[in-house]
Amino acid sequence: MTTPVSDRTATPVPERPGGGDARVTGRGRTDTVIVLLAALVAAAAWLPFLDRPLTADESGFLMVAEQWQPGRSLYGDYWVDRPPLLLWLFTIAGYLGSVEATTSGLVAPGLKVLGAVAGGLSVALTGVLASLVSPGSRPTLLTTVVLAAALVSSPLLGMPAVNGELLAVPLVLLGLVCAVTAMRGPWGWRTAVLAAAAGASGMAAALVKQNFIDVFVFTAVLVAISHPHVPRLWARAATFAGGAAASLGAAVAGAGAQGTSVPELWDAVVVFRTHAADLIEASASSATAARGVQLVTASLGSGVAVVLVIAVAAVVARRSPLALPVLAMTAWELVAIAAGGSYWLHYLTGIVPGLVLLVATAGFDPARRSGLALRSAVAYAVVAALVVWTLVALAPPQQTPESRVSTYLREHAHPSDGVVVGFGHPEIIAASGLDSPYENLWSLPARVRDPHLTHLHSVLAGGSAPRWVVVDGDSLDTWGLDGDHAQQYLRRHYVERVSYDDWHIWQRRSTSVTVRR
C-alpha cells in the first residue's frame, strides 16, 4: 500500500508539485481564495442564530465552566463526563459576549461566535488537507471544501448547537494536516515540530471530546504501513507521542490548579462511559431507540451516508497509499457514534473529518463514473444542508415548557434560593439564574452515579436544601432510578406550586406557603 521512494524524500502521501511556474502560483492563489470563501460562508451561516436560545448542553457547559474552581465535585460544585479543554473553551465563550436570560431561554451570542469560528476553521483546514492529499486537483479541492462547509452548517448534524463534537473537529483536522506533512521529506527540526504539533492537536481533540482519538488512529496505521520506507520513522512517531504527552500534561496541570484531580478525570471520561453504556443497554427508555432512528434518518437526509458509501468505494478502488489510515479512522468514527448510546444529532459531526479526508483521498475524476457519483452525492448534501438551514433560520424561537419553568423561577425565586431539576435539562437552572446544590446537572450522571437517589435525598434533607425542585413527570421514579425514598421526602417537605406540561415545580414547605388549588 505504500510507495517506495528514496531515503531522503520517502513519503506515503503525494508530494505537492514544485517549480516556479507562474501558472502554478496563480492556481495556488485561486485555490486559496476558494478555500477562504468557503470558510467565510461556513462561519457566516451562524449569524442568524446568535440570539437563539441555548440547548441543554450549551447552557450546562457554560454554567459549569463559569463556576469551575476548587469545590465539592469534579468541576467546582458540579459533575459532568467531559474533559477539561471543553470547559475552558466555554469559559472563553463566556468572555466573548454577555449571557442573558429571556422568555425563550438562555442567550449567549459569544458561544455562537465560537461555533462560527470552529466551523470556519474546519473548512479552511479541510482545504489545506485536500491540497496535501490530492495536490494540484482543483475539482477535488472544491468538492471537499464545499462538502465540509455544508456539513458543519447543517442542522441535521446539530447546528446551531455548539457541542464538543463541533469544537473538536478543527483540532482533528489540524492534527491530520500536521501528521501528513510530518511523514514527508527528510527528518529535521521542521518535521519534528510538525510531528509534535500533530500529537498535541490529536490530544487536544480528545481533551475536548474523549472519543475523538481520530488523529491517533490515523497516525498509528500510517506509521505501521510506512515502515521501512520512511527514514527516521520511529523518531517521527516518538516526537508525535511527545507532543501528545505535553498536551495532556498541560491539561492535567491546568485542571489540577482548578481543583480537578487525575483520578477524578479518569473516572469521568473513561470509567463512567462504560457504566453509562451498560445502563443504557439494560434500561433505557423508548426515547433512546427513537433518537437512534432519527440519527439514521438524519444521516440519510443530510447525504452523509450516501457520500460515505461512495467515497469508501472510490478510495478502495483507487488503492491510494492513504487508503488504510483513512478507512481505519473513519471506521473508528462510526464506532464512536454508535457507542455514544444516546444518539443525539450532533453525534454525526464526528464523521466530518473522516468524510472529508475520504473525499480528498478518493479524488475527483470527471471522466470516471465514480467521480460523477461522488460529486452528485456532495451536491445533494449541499442542497440538503441549505434547505434545512433555511427552514431553521426562518423559524422564530418558541417558548418551550422548559423556558416557562425558568421564567417562573426567575419571577418567584430569591437570588439565594437553590433549585434541583429531576433530571437533566441544565438549561432550566442556567436560565433561572439560581444555583443547584445537587452536583448531577445531567440525567445520565444521576442515573449512573446516584441510582437510588441517596445523594439527592441527602441534599433535600441537608442544611443547603433547595427551595425549589422541578420534576419531569409525576415522580422522581424514572428509568434507571429507584426514587421512592426521595419522592416520599419531596411530598412531605415540598408542595407543588404550578406545572407546565410534564414539568412540575415544587416549593419547600414553610409557614408562609399556601397550597394553590
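All values derive from a computational prediction rather than experimental measurement.
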How close do A179 and T219 get, heavy atom to heavy atom, and via which atoms? CB-OG1, 3.8 Å
Do the side chain of D417 and the main chain of L434 share a donor and acceptor less than 3.5 angstrom apart? no
Check: D278 main-chain N/O paired with E281 side-chain donor or acceptor under 3.5 Å: no
Using only atom types and a distance under 3.5 Å, with no angle test, would you say the side chain of E66 pairs donor to acceptor with the backbone of M63? no
Please say which of T297, V296, L295 ends up in a side chain to side chain contact (heavy atoms under 4.5 Å, CB included) with V293. T297
Verify whether one side chain among T55 and E58 offers a donor that lies under 3.5 Å from an acceptor in the other. yes
Side chain to side chain contact (heavy atoms under 4.5 Å, CB included) for V471 and L476? Distances and angles first, verdict last. CA-CA 7 Å; V471 181; L476 291 170; 3.9 Å; yes
Please confirm whether the ring centroid of W479 lies under 6.0 Å from the ring centroid of F423. no
Distance under 6.0 Å and angle within 45° of the ring axis: does R291 meet both against W344? yes
To the nearest 0.5 Å, how far apart are CG in N211 and OH in Y347? 8.5 Å
Evaluate side chain to side chain contact (heavy atoms under 4.5 Å, CB included) for V359 paired with V307, printing each intermediate quantity in order. CA-CA 8 Å; V359 173; V307 174; 4.0 Å; yes
Decide side chain to side chain contact (heavy atoms under 4.5 Å, CB included) for L54 and L111; before the verdict, give the C-alpha distance in whole Å, the side-chain angles of both, and the deciding distance to 0.1 Å. CA-CA 9 Å; L54 303 185; L111 182 58; 4.1 Å; yes
Looking at S153 and A45, would you say the former's side chain and the latter's main chain have a donor-acceptor pair under 3.5 Å? no
If we ignore hydrogens and angles and just use 3.5 Å, is the side chain of T454 paired with the main-chain N or O of D450 as donor and acceptor? no
Between T330 and E333, do the side chains contain an N or O donor and an N or O acceptor separated by less than 3.5 Å? no
Please determine, by modelled atom types, if W68 and T91 share a side-chain donor-acceptor pair under 3.5 angstrom. no
Could you grab the distance from atom CZ of R404 to atom CD1 of I505, nearest 0.5 Å is fine? 9.5 Å
Any idea which heavy atoms bring V172 and P353 closest together, and the distance? CG1-CB, 3.6 Å
Going from CG on L355 to CG on L308, what distance comes out if it is rounded to the nearest 0.5 angstrom? 6.0 Å
Applying ring pair (Phe, Tyr, Trp, His ring centres under 6.0 Å) between F61 and each of Y75, W442, W88, report the one that passes. W442
Atom CH2 in W266, atom OG in S261: separation rounded to 0.5 Å? 13.5 Å
For Q258 and Q69: C-alpha separation, side-chain torsions, deciding distance, then whether side chain to side chain contact (heavy atoms under 4.5 Å, CB included) applies. CA-CA 5 Å; Q258 292 183 253; Q69 58 184 342; 5.8 Å; no
Give a yes-or-no answer on whether the side chains of Y494 and R508 include a donor-acceptor pair shorter than 3.5 Å. yes
Under 3.5 Å: donor-acceptor pair, side chain of R82, backbone of A268: no
Looking only at heavy atoms, what is the nearest atom pair of A385 and S154, with distance? CB-CB, 3.9 Å
Side chain of H493, backbone of Y489: donor and acceptor closer than 3.5 Å? no
State whether W79 and R449 meet the cation-pi test: NZ (Lys) or CZ (Arg) under 6.0 Å from the six-membered ring centroid, and within 45° of the perpendicular axis. yes
Scan side-chain atoms only and decide if W503 and D472 contain a donor-acceptor pair under the 3.5 Å cut-off. no
Classify the angle between the aromatic ring planes of H485 and H457 as parallel (below 30°), tilted (30 to 60°) or perpendicular (above 60°). parallel
Verify, without hydrogens or angle tests, whether S73 (side chain) and G76 (backbone) share a donor-acceptor contact under 3.5 angstrom. no
Nearest heavy-atom neighbours spanning A198 and V215: O-CG1, 3.8 Å
Test side chain to side chain contact (heavy atoms under 4.5 Å, CB included), reference S104, set L106, V107, T102, output is T102
Look at the side chain of T126 and the backbone N and O of S122, then say whether any donor-acceptor pair between them is shorter than 3.5 Å. yes
Can you tell me how far the CD atom of E402 sits from the OG atom of S432, to the nearest 0.5 Å? 13.5 Å
For T407 and T103 the tightest heavy-atom approach is OG1-CA, 3.9 Å
Dump the intermediate steps for salt bridge (Lys or Arg N to Asp or Glu O under 4.0 Å) on R491 and E496, then the final yes or no. CA-CA 9 Å; R491 291 190 178 278; E496 185 176 342; over 6 Å; no
S436 side chain vs Y438 backbone, donor-acceptor pair below 3.5 Å: yes
How far apart are the closest heavy atoms of T288 and G341, and which atoms are they? CG2-O, 3.3 Å
Nearest-0.5 Å distance that lies between atom CD1 in I310 and atom CG in L358: 12.0 Å
